[in-house]
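Just so we're on the same page: letters track the sequence lines, and every chain starts at 1.
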Protein chains: 2
Amino acid sequence: MSKPARRAPRQAEAERNDRAVLQAAREVLATDGAHASVAAIAERAGVGIGTLYRRYRTKEELFQHLVAIVLGDYLAAAQEGLAHEDPWAGLVHYVTSAIGLASGSLAPIAGTIAVTPEMADRNERADDAVRALVDRAHDSGALRPDVTQVDLELLIEQLAKSPLLEQLKKQGRTDLLDAAMNARTRITAIAVDGLRAPAPHPLPGDPPGYELFSERWEPPPVG
Amino acid sequence: MSKPARRAPRQAEAERNDRAVLQAAREVLATDGAHASVAAIAERAGVGIGTLYRRYRTKEELFQHLVAIVLGDYLAAAQEGLAHEDPWAGLVHYVTSAIGLASGSLAPIAGTIAVTPEMADRNERADDAVRALVDRAHDSGALRPDVTQVDLELLIEQLAKSPLLEQLKKQGRTDLLDAAMNARTRITAIAVDGLRAPAPHPLPGDPPGYELFSERWEPPPVG
DNA sequence: ATCAAACGGAGTGATTCGCTCCGATAAGCT
DNA sequence: AGCTTATCGGAGCGAATCACTCCGTTTGAT
């Protein structure tokens with residue numbers, strides 16, 4: 001009140017660093033999995049550890065923020081799919097986009113961090129959008145009728161995490177990365193073709209329950 | 001030389017323990033990935049650490065032995081597939097068996113251990129058997145012609161490692177394990193249906209080169 | 001020139017790792 | 001029964017790694 005508050009001298013740099021940290025976290029999480037260290041994230045972002053810890057009080061807080069962002073990306077991909085005129089093309093857009101997103105970086109930390117309201121909200125909205133996408137594809141007759149939404153989401157998760165890409169990145173074999181990404185695109189195409197109606201035979205077993213998806217984010221039982 | 005050598009007093013127990021250690025190593029490797037610790041393997045096998053280290057001089061030696069065994073399992077699965085009269089049924093047998101084997105336990109340690117002659121030999125023989133399986137399926141017209149052997153092997157690797165199963169095991173949610181395995185069976189069926197001829201469209205990009213597979217077992221470049 | 005905000009990273013205590021070492025245990029011999 | 005010896009189990013060691021703190025340095029709006 002007495003003095004006018006000083007403006008932040010290096011605010012622009014701070015914002016740039018924040019974006020760099022979040023992007024680095026995605027990449028390190030994709031290659032190192034659940035054992036991604038804060039030091040590795042800071043180094044990849046090109047900032048000091050202290051810089052990271054001024055923005056996020058703990059590692060968990062950083063991951064919670066990152067998960068909220070990635071969930072927003074999933075939601076956007078689903079909405080883009082709904083914007084397609086052709087139901088099948090829209091579904092394929094979502095599936096391929098979701099597989100590319102963060103290369104399945106979320107799965108390894110599922111259950112290791114607490115769920116924030118923001119995370120829950122975005123997850124619910126993304127779920128709704130995907131459900132609409134699946135219903136529309138079912139109604140149009142393009143998606144084989146015995147594939148459920150949970151089948152689809154689990155298939156995406158299965159294809160998102162590429163052991164091949166992870167190992168090559170960890171070994172620094174950047175010369176093979178392009179070939180590996182091409183290979184994964186082909187595998188994705190194979191799986192997507194398997195989703196197309198008409199199916200040669202019905203899927204085995206009972207449709208998977210939604211709890212396979214929802215309960216994964218609950219913290220471990222006791223310890 | 002003077003005295004006749006004594007017979008091993010607890011030889012039967014030693015052999016039982018060896019089998020338990022190898023089975024435990026498969027399971028721990030499947031859940032803990034590359035960070036599987038010797039202590040965890042010994043505990044799961046119900047033996048002391050010292051027992052494990054008398055049989056294998058180092059952790060690497062244990063893993064080398066295990067890899068040789070699992071490669072033998074892959075070879076057996078491929079040979080079983082070749083024994084099928086129907087080329088398509090034989091190929092499906094190999095794919096589904098390979099996916100179930102050790103749940104992709106080998107990928108996380110690829111490149112972290114040296115390749116022994118035994119490993120190289122079994123790998124080569126398994127490769128030959130799979131090549132015959134793929135050729136036969138191609139000739140019969142059941143397998144879509146644009147799918148190569150490398151496509152198939154990479155698809156198997158992709159489906160073998162289940163993030164869902166790994167997380168549930170790590171959290172001790174044994175109540176959901178059956179549902180998760182059923183879900184993976186359905187996903188596998190979807191992908192296998194995508195392998196079936198006729199294909200709705202050709203696969204994108206160029207066929208993947210074999211180096212994606214062979215170079216993974218080379219130790220990291222320098223460091 | 002001033003000075004507060006933002007920076008980088010050495011240092012800390014806790015934890016985990018692969019592996020060694022040694023006292024306890026039990027099967028085969030006499 | 002008593003002796004012998006291969007095998008067993010796990011406490012403990014040094015090294016490595018972790019999340020996080022603390023503080024001297026840099027920067028840029030005033």
Side-chain angles (χ1 to χ4, degrees), chain A residues 1-22 24-25 28-29 31-66 108-109 112-114 170 220 223, chain B residues 1-22 24-25 28-29 31-66 108-109 112-114 170 220 223:
Chain A
M1 37 177 90
S2 50
K3 280 200 211 172
R6 260 189 175 264
R7 285 306 304 136
R10 298 168 73 178
Q11 192 168 320
E13 185 181 5
E15 285 177 18
R16 255 186 295 118
N17 282 339
D18 189 31
R19 276 192 295 271
V21 164
L22 287 170
V28 173
L29 216 40
T31 59
D32 292 359
H35 310 75
S37 71
V38 175
I41 294 172
E43 186 181 356
R44 183 165 195 106
V47 305
I49 299 176
T51 300
L52 191 155
Y53 269 99
R54 201 168 321 93
R55 195 104 29 207
Y56 306 97
R57 283 175 301 180
T58 65
K59 186 187 187 184
E60 180 176 29
E61 200 172 293
L62 165 63
F63 281 176
Q64 286 171 333
H65 189 195
L66 180 65
I109 56 174
T112 70
I113 60 178
K170 212 174 296 184
Chain B
M1 40 166 86
S2 50
K3 282 200 205 175
R6 262 186 176 266
R7 285 303 308 137
R10 299 168 71 178
Q11 193 167 318
E13 184 181 7
E15 286 177 16
R16 256 185 296 118
N17 283 340
D18 188 31
R19 275 191 295 272
V21 164
L22 287 170
V28 173
L29 216 40
T31 59
D32 294 359
H35 310 74
S37 71
V38 176
I41 294 172
E43 185 180 355
R44 183 166 194 107
V47 305
I49 299 177
T51 301
L52 190 155
Y53 269 99
R54 198 169 322 95
R55 196 104 28 209
Y56 305 98
R57 284 175 301 180
T58 64
K59 186 186 185 183
E60 179 176 29
E61 200 171 293
L62 165 63
F63 281 176
Q64 287 171 332
H65 189 193
L66 179 65
I109 55 175
T112 70
I113 60 177
K170 213 172 296 182

Over all heavy atoms of both residues, which pair between B:Lys59 and B:Val38 is shortest? Give the atoms and the distance, please.
-> CG-CG2, 3.7 Å
Which atom of B:Leu66 lies closest to which atom of B:Leu22, heavy atoms considered |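 Taking every non-hydrogen atom into account, CD1-O, 3.8 Å.
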What is the ring orientation for B:His35 with A:His35, classed by angle as parallel under 30°, tilted 30 to 60°, or perpendicular over 60°?
-> parallel
Across the strands shown, which category fits A:Arg55 at heavy-atom distances under 4.0 angstrom: base, sugar-phosphate, nothing?
->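 Sugar-phosphate contact only - A:Arg55 comes under 4.0 Å of backbone atoms but never of a base.
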Review item, side-chain donor-acceptor pairs of residues 39-55 of chain A, under 3.5 Å, at least two apart:
residue	atom	partner	partner atom	Å
A:Arg44	NE	A:Glu27	OE1	2.3
A:Arg44	NH2	A:Glu27	OE1	3.0
A:Arg55	NH2	A:Ala14	O	3.3

Are [X] and [N] close enough that a side-chain N or O sits under 4.0 Å from OP1 or OP2?
X       : N     : result
B:Arg54 : D:dC8 : yes
A:Asn17 : C:dA6 : no
B:Thr51 : D:dT7 : no

Which whole-number value in Å describes the distance from [X] [atom1] to [N] [atom2]?
X       : N      : atom1 : atom2 : value
A:Phe63 : D:dC18 : CZ    : P     : 12 Å
B:Glu15 : D:dC8  : CD    : P     : 11 Å
A:Asp18 : C:dC7  : CG    : C1'   : 14 Å
A:Leu52 : C:dA10 : CG    : P     : 16 Å

Check every atom of D:dT21, C:dA6, D:dT7 against the side chain of A:Tyr53 and return the nucleotide holding the closest atom.
-> D:dT21
Protein-proximity profile, nucleotides 11-17 of chain C, B/S/- by nucleotide at the 4.0 Å heavy-atom cutoff, equals ------S
Report the distance from atom CG of A:Leu62 to atom NE2 of A:His65, rounding to the nearest 0.5 Å.
->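 Between atom CG of A:Leu62 and atom NE2 of A:His65 there are 9.0 Å.
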